[in-house]
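Beneath this line is the structure, given in structure tokens, with notes to follow.
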Amino acid sequence: YFSYDSEGKTTIGYQPLRGEAKVITDKVGSVSFGRPYSGGDFDVSAEGDIAFTLADTQRPADVALTKRGEALRLTHLNEDALANKTLGKVEELWVKSSHDELDIQGWIVYPPHFDATKKYPLILEIHGGPFANYGDRFDLEKQLMAAQGYVVLYTNPRGSTSYGEKFAQLIHHDYPGDDFYDLNSGVDAIIKKGYIDERNLFVTGGSGGGVLTCWMIGRTTRFKAAVTVYPVINWSSFVLYSDIPGVANYWFPGMPWDNVEIYESKNLLSVVKNVTTPTMVLTGEADYRTPMPDSEQYYAALQLLGVESVLVRVPDEPHGISVRPSHHLSKVQHIMGWMNEYNSGNRYKGN
């Protein structure tokens, strides 16, 4: 028995000694519920029954058991918290990248009581990694965004896992890069559906998603406001500050001083002069993955350029800002507070 990710789904497979492998279930879910990343656990009994963590867009992971090919949910761990809540429905979406017609998978989270005849603001939320994948799993943060009347789009642009090695390696020594077109094409596709208010488009993401948030607003002015969460801004200082300096030999062809031109071309400071989008920078002060000096550099650049901006420093929080539940919720509240302030049609403005 083994697990793997395929098109945003974590799957349990079985390979007999003879014959072809078969899929046991593709509904494995991570026990992390802040965002819909892959992951999860499973175990096999002596009788061949398989217990696993079950993925569901409407509930955090529960324990399930495979019985005659079906997934039987054994627990309902969060029923007391969610039984009286109306959650946003989640729908799969495939688009063609405007760059090279590459197939890009994504998902739409609709506000509760969604009405396709109305116009809704849109949030593009970008995953980190960049070698990771989102999928149809429970997502606390996007549900909170949808609950305030936003349609939320999340996708797996080039460089994401679960689509094979070639797809993941399209960003080799080219990150950030053409993933801009993949993300922008997702926004274009959902606008064509007719229920998005094009005057109120927003973008956010954390870590690698924070990198791509800055990359997006450095290359387009279509977004009304942005929140970049614990981003890498200056790849040279990242190599020298971060707890993973080895990326210099993997994401780049070598050290910054030997590859000045490529480091400069991928620095988010290389496109910051184009930014006019009001931007919040939000980072934990104990973050050793994307240290605070990078966020300070970007905020300082925005201030020097006269761009409406604010720097939020979360005390004692490492990468992810989720050690304390209060800080995790505060992160989402800061993001939504900033977007609500710039959403011209939002009833939450000023709250």
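- Salt bridge absent: E101 and K96 never bring a charged side-chain N and a carboxylate O closer than 4.0 Å.
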Would you give me the side-chain donor-acceptor pairs under 3.5 Å for residues 254-264, sequence neighbours excluded?
| from | atom 1 | to | atom 2 | distance (Å) |
| --- | --- | --- | --- | --- |
| N259 | ND2 | M255 | O | 3.0 |
| Y263 | OH | G254 | O | 2.7 |

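- No salt bridge links R137 with D56; every basic N to acidic carboxylate O contact stays at or beyond 4.0 Å.
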List the atom pairs, donor and acceptor, that lie under 3.5 Å between side-chain atoms in residues 24-35 and the rest of the protein, sequence neighbours left out.
| from | atom 1 | to | atom 2 | distance (Å) |
| --- | --- | --- | --- | --- |
| T25 | OG1 | K27 | N | 3.2 |
| S30 | OG | S32 | N | 3.0 |
| R35 | NH2 | Y230 | OH | 3.0 |

Sequence neighbours excluded and cut-off under 3.5 Å, please list the side-chain donor-acceptor pairs for residues 170-178, or say none.
| from | atom 1 | to | atom 2 | distance (Å) |
| --- | --- | --- | --- | --- |
| H173 | NE2 | Y250 | O | 3.4 |
| H173 | NE2 | F252 | O | 3.3 |
| D174 | OD1 | K266 | NZ | 2.6 |
| Y175 | OH | G208 | O | 3.0 |
| D178 | OD2 | H99 | NE2 | 3.0 |

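- For S309 (side chain) and V307 (main-chain N/O), a donor-acceptor pair under 3.5 Å exists by modelled atom type.
- The six-membered or imidazole ring of F223 lies away from that of F202, with a centre-to-centre distance of 6.0 Å or more.
- Classification of R199 and D197 as a salt-bridged pair holds, one side-chain N sitting under 4.0 Å from a carboxylate O.
- Ion pair E125/K142 flagged as a salt bridge, since at least one NZ, NE, NH1 or NH2 atom sits closer than 4.0 Å to an Asp/Glu carboxylate oxygen.
- Side-chain atoms of K331 and L282, non-hydrogen and from C-beta on, do get closer than 4.5 Å to each other.
- Within a 6.0 Å sphere centred on NZ of K89, heavy atoms belonging to other residues, nucleotides or ligands number 12 at most.
- Counting only residues at least two apart or on different chains, no ring pair (Phe, Tyr, Trp, His ring centres under 6.0 Å) pair has a member in residues 44-89.
- Distance alone, capped at 3.5 Å, is enough to place a donor-acceptor pair between the T66 side chain and the I50 backbone.
- Atom CG of L140 sits about 6.5 Å away from atom CG of L329, to the nearest 0.5 Å.
- Annotation: Y195 is in aromatic contact with Y110 [ring centroid separation under 6.0 Å].
- For R222 and E198, the salt-bridge test fails: no basic side-chain N is under 4.0 Å from an acidic carboxylate O.
- Using a 30° and 60° split on the angle between ring planes, Y154 and W107 fall in the parallel class, below 30°.
- For S207 and H319, the side-chain atoms include at least one donor-acceptor pair closer than 3.5 Å.
- Contacts classified as ring pair (Phe, Tyr, Trp, His ring centres under 6.0 Å) and involving residues 272-296 (residues at least two apart or in different chains) are not found.
- Between the side chain of S162 and the backbone N or O of G8, at least one donor-acceptor pair lies under 3.5 Å.
- Each of D179, D103, D100 was compared with R158 under the salt bridge (Lys or Arg N to Asp or Glu O under 4.0 Å) criterion, and only D100 meets it.
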Would you mind writing out the side-chain donor-acceptor pairs for residues 114-122 within the sub-3.5 Å range, not counting sequence neighbours?
| from | atom 1 | to | atom 2 | distance (Å) |
| --- | --- | --- | --- | --- |
| D115 | OD1 | T117 | N | 3.0 |
| D115 | OD1 | T117 | OG1 | 2.7 |
| D115 | OD2 | T117 | OG1 | 3.2 |
| K119 | NZ | G194 | O | 2.9 |
| Y120 | OH | D115 | N | 2.8 |

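- For CZ of R324, the number of neighbouring non-hydrogen atoms (other residues, nucleotides, ligands) closer than 6.0 Å is 12 at most.
- In terms of modelled atom types and a separation under 3.5 Å, the side chain of N267 and the main chain of W235 share a donor-acceptor contact.
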